[in-house]
Amino acid sequence: LNGTAVTSPEANDLEYLTPVTIGNVTFHLDFDTGSADLWVYSDELPTDEQTGHAVYATTDSKLLPGSSWEILYGDGSSAGGDVFADTVVVGGLTATMQAVEAAATLSAEFERDAHSDGLLGLAFSTLNMVKPQKQSTFFDNVKSQLDLPVIATSLKHGAPGTYDFGFIDENKYTGPLTYVDVDSSRGYWTFTADAYAFGDDQISTSLTGIADTGTTLILLPSDTVSRYYANVSGAQDSPLHGGYVFPCDSKLTPFTLVVAGNHSVTVPGELINYAPVGSVSNLCFGGIQAASGLVDINIFGDVFLKSQYVVFDAGSQGGPRLGFANQ
Ligand SMILES: N[C@H]1[C@H](O)[C@@H](Sc2ccccc2)[C@@H]2OC[C@H]1O2
């Protein structure tokens with residue numbers, strides 16, 4: 001059995017939300033290949049933090065005795081609470097004894113997130129934060145039902161896309177799928193590009209980072225980012241806006257990763273014009289920004305993933321790997 005779930009972008013493609021049914025309640029969760037916990041807003045939160053969200057009724061649920069979770073994300077946000085076992089359905093696929101992590105505390109970033117009802121982690125289960133015993137991700141729990149141990153993402157700019165589980169949909173991409181090995185030793189979908197380019201400016205340095213559906217932008221080393229925006233007239237690193245901005249009518253340089261020898265994976269410039277900074281100025285915020293101090297790895301987030309149909313292959317032909325094809 002395979003499955004497909006539709007995922008829809010919030011404003012400015014800030015995050016993509018996907019319906020998940022837990023018990024008999026449907027939650028809209030942020031699928032996150034950069035973490036490995038499935039957590040939801042719950043009745044253990046302060047009432048005002050529950051407002052506007054689907055809420056997990058812990059009092060009707062099967063507690064995992066003695067288990068708790070606490071997670072700190074790359075953007076400094078955090079959440080924590082206790083753990084239940086429940087039936088979780090995504091895109092027609094069912095995990096009957098899925099660890100559902102009920103949020104009892106949320107940091108300000110989540111309190112401000114009016115739309116997401118929680119996260120569904122799709123990184124490797126070694127990254128799960130439940131103590132005393134790590135729990136399996138939804139993907140690991142349904143993997144045995146799937147034709148192939150794969151998740152394939154089709155995230156789009158300003159339009160619904162899909163998460164395919166167990167199969168690769170040839171109708172969703174053009175040209176070949178290019179695969180690159182994944183190093184899952186830190187629990188992320190980590191891969192290395194042998195080189196990269198900003199338009200015609202070829203840079204023969206390798207670039208290692210993670211494919212992360214839960215990060216909005218592309219986050220790279222600060223000197224690399226300043227080199228990118230040197231090509232964009234009028235671009236400036238603005239403390240006021242928290243990163244590089246430029247005139248919205250700028251023609252942005254494409255960003256290309258060279259993987260698996262000589263295959264180019266290119267993000268068109270249009271996708272790197274992330275969004276206007278506000279309604280009055282004609283400045284736009286860049287889709288490539290510097291990774292903050294907290295993050296010690298490059299992150300290929302949604303701005304990157306939107307250009308590709310991406311196959312997160314947990315081992316259909318040996319080790320874990322990522323497949324990229326234009327969409
Ligand atoms: N993998 C990512 C994760 O999904 C988000 S968690 C999140 C926080 C606030 C609002 C929405 C989501 C956070 O930013 C980067 C990294 O950590």
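Residue numbers count from 1 along this sequence. Counting starts at 1 for both ligands and their atoms, in listed order.
Looking from atom 17 (O) of ligand 1 to the surrounding protein, the closest heavy atom is Tyr73 CB, 3.1 Å. The nearest protein atom to atom 15 (C) of ligand 1, hydrogens excluded, is given as Thr215 OG1, 3.2 Å; this is a heavy-atom distance.
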Step-by-step side-chain contact (heavy atoms from CB on, under 4.5 Å) determination, Thr224 to Tyr196: CA-CA 10 Å; Thr224 306; Tyr196 60 98; 3.5 Å; yes

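Counting the atoms of ligand 1 from 1 in the order shown, those under 4.0 Å from a heavy atom of Gly214 are 2 (C), 3 (C), 4 (O), 5 (C). For ligand 1 and Glu15, the ligand atoms under 4.0 Å from any heavy atom of the residue are 11 (C). When each atom of ligand 1 is checked for a heavy atom of Gly74 under 4.0 Å away, the hits are 17 (O). Within ligand 1, counting atoms from 1 as listed, the ones closer than 4.0 Å to a heavy atom of Leu119 are 4 (O), 6 (S).
Below 30°, between 30° and 60°, or above 60°: for Phe300 and Phe255 the angle between ring planes is below 30°, a parallel geometry. The aromatic rings of Phe165 and Phe139 are tilted relative to each other, their planes meeting at an angle between 30° and 60°. Note: Tyr244 and Tyr229 have parallel aromatic rings, judged against thresholds of 30 and 60 degrees for the angle between ring planes.
Every residue meeting the side chain to side chain contact (heavy atoms under 4.5 Å, CB included) condition with Asn273, not counting sequence neighbours, appears here in chain and number order: Phe246, Leu252, Cys284.
Close N/O approach between Asp212 and ligand 1 is found [any backbone or side-chain N/O within under 3.5 Å].
Aromatic rings from Tyr163 and Phe312 are positioned such that their centres are separated by 6.0 Å or more.
Between Asp30, Asp32, Asp113, Leu14, it is Asp32 that holds the heavy atom closest to atom 4 (O) of ligand 1.
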